[in-house]
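Here is the structure we will look at, set down as structure tokens.
Every value quoted in this text rests on a predicted model; they were computed, and no experiment measured them. Residue numbers begin at 1 in each chain, while the letters A, B, ... track the order of the sequences. These numbers come from the heavy atoms of this one structure, side chains and all, not from hydrogens, waters or symmetry mates.
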Amino acid sequence: MPELPEVETVRIGLESLIPKKKIKDVTYDWDKSFPNSKNDVDTFMVNASVQRVRRRAKVLLIDLDTSCTLMVHLKMTGQLVFVGEQRFGAGHPNDSLVSSLPDKSTRVTIAFDDGSTLYFNDQRKFGWMKLLPTQAVADEPFMKKVGPEPLDNAFSVAVFTDRIRRRNGTSIKAALLDQTVLAGVGNIYADESLWGAKIHPARIVGTLTNKELSELHRELIYVLKLSIEKGGSTDRNYVNAEGKKGSYIDFARVFRREGLHCLRCGAVIEKSKVAGRGTHTCPACQKP
DNA sequence: CACTTGACCTGTCCGC
DNA sequence: TGCGGACAGGTCAAGT
């Protein structure tokens, strides 16, 4: 589910909610969602306090004061939802998903000593969290191979072009989705940025001009920043750290707009499959 | 090696 | 309604 803007939105929310909170108790129902031993949890999590919440690519990093970090990947349907010590009932203005937690998608429950709780929910069980020494995070296989952050100042057109061209024989969409090329792009923002740059997702990287890649670089940064401003995209399951949906989907130009008119030229948006993923394009603006 | 496909899971939606 | 199949925002292992 969540791509860079959604994970960043969760990070911003958690960073304002959980630092300094002390963990009282941890429970979980599915080993693959949280593979650490009870001994790890008792030794390094229980009685530990949260220091800060970081993000790298689509991974959240919750640093504890035991020199350990909770590494979290939400994959397709994961949620990290914080519920304060005071709960609101159904119908209350502040009521939301949170009033019904935990529910059957709750995989891990982290209770803090002030009565508040952080829930890790994941319907499809693809997501995971794991506890490891903070200095070991960089040695994780994914962290070693993942590409640069697209919203860093250092992510220039030259860097983008150079890295994309490493996948010269594949489609531009597959290259954008490849986390070793650059970090954080998933299906929504691949389609959105390609529409913005008027490039068909199935175009082979080797056929793209530097001018086209320069446009794509600009569009990619634009849609990622816009989405963070809008609190991410809620297509199905995504919610932020307070259980609220994001609104980027209301601003989307092609994603999930099949059958509707292109906002630029009026042609009817089509849906197809590229790089094994549902793909949305304008047949007039984005020529194969 | 470069690239593509299937597997991991559950839930929902669509057509018969 | 009921049922089968396709599909869903990610990543990795196995296949060509």
Side-chain angles (χ1 to χ4, degrees), chain A residues 1-10 29-35 55-60 71-80 97 103-108 120-130 140-147 163-195 201-207 220 223-224 227-228 230-240 245-259 271-280:
Chain A
M1 113 202 247
E3 307 179 28
L4 186 153
E6 290 74 32
V7 178
E8 178 63 12
T9 301
V10 173
D29 79 331
W30 175 253
D31 286 349
K32 287 185 185 174
S33 293
F34 190 30
R55 178 189 62 76
R56 173 77 172 101
K58 299 172 190 169
V59 176
L60 281 163
M71 194 174 168
V72 187
H73 201 307
L74 303 174
K75 291 287 182 83
M76 303 280 263
T77 55
Q79 306 172 329
L80 267 182
L97 160 83
D103 63 21
K104 65 176 178 178
S105 75
T106 300
R107 305 292 164 225
V108 186
F120 174 44
N121 301 322
D122 187 16
Q123 182 181 94
R124 287 173 75 181
K125 300 182 176 176
F126 291 170
W128 46 260
M129 63 168 55
K130 61 179 164 183
E140 288 287 297
F142 178 83
M143 301 303 259
K144 279 206 255 188
K145 71 183 185 184
V146 70
R163 298 188 69 90
I164 282 283
R165 290 205 184 282
R166 295 180 185 189
R167 300 294 309 274
N168 234 25
T170 193
S171 66
I172 183 62
K173 178 153 180 175
L176 284 174
L177 294 174
D178 182 343
Q179 300 298 297
T180 69
V181 172
L182 69 155
V185 177
N187 208 30
I188 298 177
Y189 305 103
D191 281 8
E192 289 288 294
S193 59
L194 286 164
W195 179 91
R203 290 273 305 280
I204 300 302
V205 171
T207 71
L220 189 55
V223 295
L224 294 175
S227 184
I228 292 171
K230 302 300 177 189
S233 303
T234 297
D235 187 30
R236 289 185 149 71
N237 301 278
Y238 168 74
V239 292
N240 68 16
K245 298 178 175 187
S247 70
Y248 176 85
I249 207 81
D250 298 334
F251 300 84
R253 291 129 358 139
V254 274
F255 190 78
R256 298 272 282 172
R257 294 193 75 248
E258 62 271 30
K271 186 168 183 188
S272 61
K273 189 157 278 198
V274 177
R277 316 296 299 279
T279 297
H280 311 77

Pi stacking test for A:F126 and C:dT11: under 5.5 Å apart, planes under 30°: no
Spacing between A:K144 atom NZ and C:dT11 atom P, to the nearest angstrom: 19 Å
Phosphate OP1/OP2 of C:dC12: any A:K145 side-chain N/O under 4.0 Å: yes
Quiz item: A:R167 side-chain donor-acceptor pair to B:dA2 base, under 3.5 Å: no
Short N-O contact, A:R56 and A:E140, less than 4.0 angstrom: no
Nucleotide of B:dG11, C:dA8, C:dG10 approaching A:Q123 most closely (side-chain heavy atoms): B:dG11
B:dC9 versus C:dC3 - spacing of their P atoms, nearest Å: 25 Å
Value in whole Å for how far the P atom of C:dG10 lies from CG of A:D178: 13 Å
Side-chain N or O of A:K104 closer than 4.0 Å to phosphate OP1/OP2 of B:dG11: yes
Side chain proximity check, A:M71 to A:V59, heavy atoms < 4.5 angstrom: yes
Side-chain ion pair, A:R253 and A:E192, N-O less than 4.0 Å: yes
A:K32 side chain near B:dT10 phosphate (N/O to OP1/OP2, under 4.0 Å): no
Base partner of B:dT12, which must satisfy Watson-Crick or wobble distances under 3.5 Å: C:dA6
Minimum-distance nucleotide to A:K75 side chain [options: B:dT10, C:dG10, C:dC7]: C:dG10
A:T77 side-chain N/O to B:dC9 phosphate OP1/OP2 under 4.0 Å: no
Side-chain N or O of A:R256 closer than 4.0 Å to phosphate OP1/OP2 of C:dA8: no
4.5 Å side-chain heavy-atom contact, A:S233 and A:P5: no
C:dT11 phosphate, OP1 or OP2, under 4.0 Å from A:H73 side-chain N/O: yes
Validation row: A:F255, A:N187 side chains within 4.5 angstrom (heavy atoms): yes
Span that lies between the P atom of B:dG11 and that of C:dT11, in whole angstrom: 22 Å
Candidates C:dC7, B:dC9, B:dT4 - which lies nearest the side chain of A:K273: C:dC7
Presence of A:Q179 side-chain N/O under 4.0 Å of C:dG10 phosphate oxygens OP1/OP2: no
Under-4.0 Å side-chain N/O to phosphate OP1/OP2 contact, A:K58 with C:dG10: yes
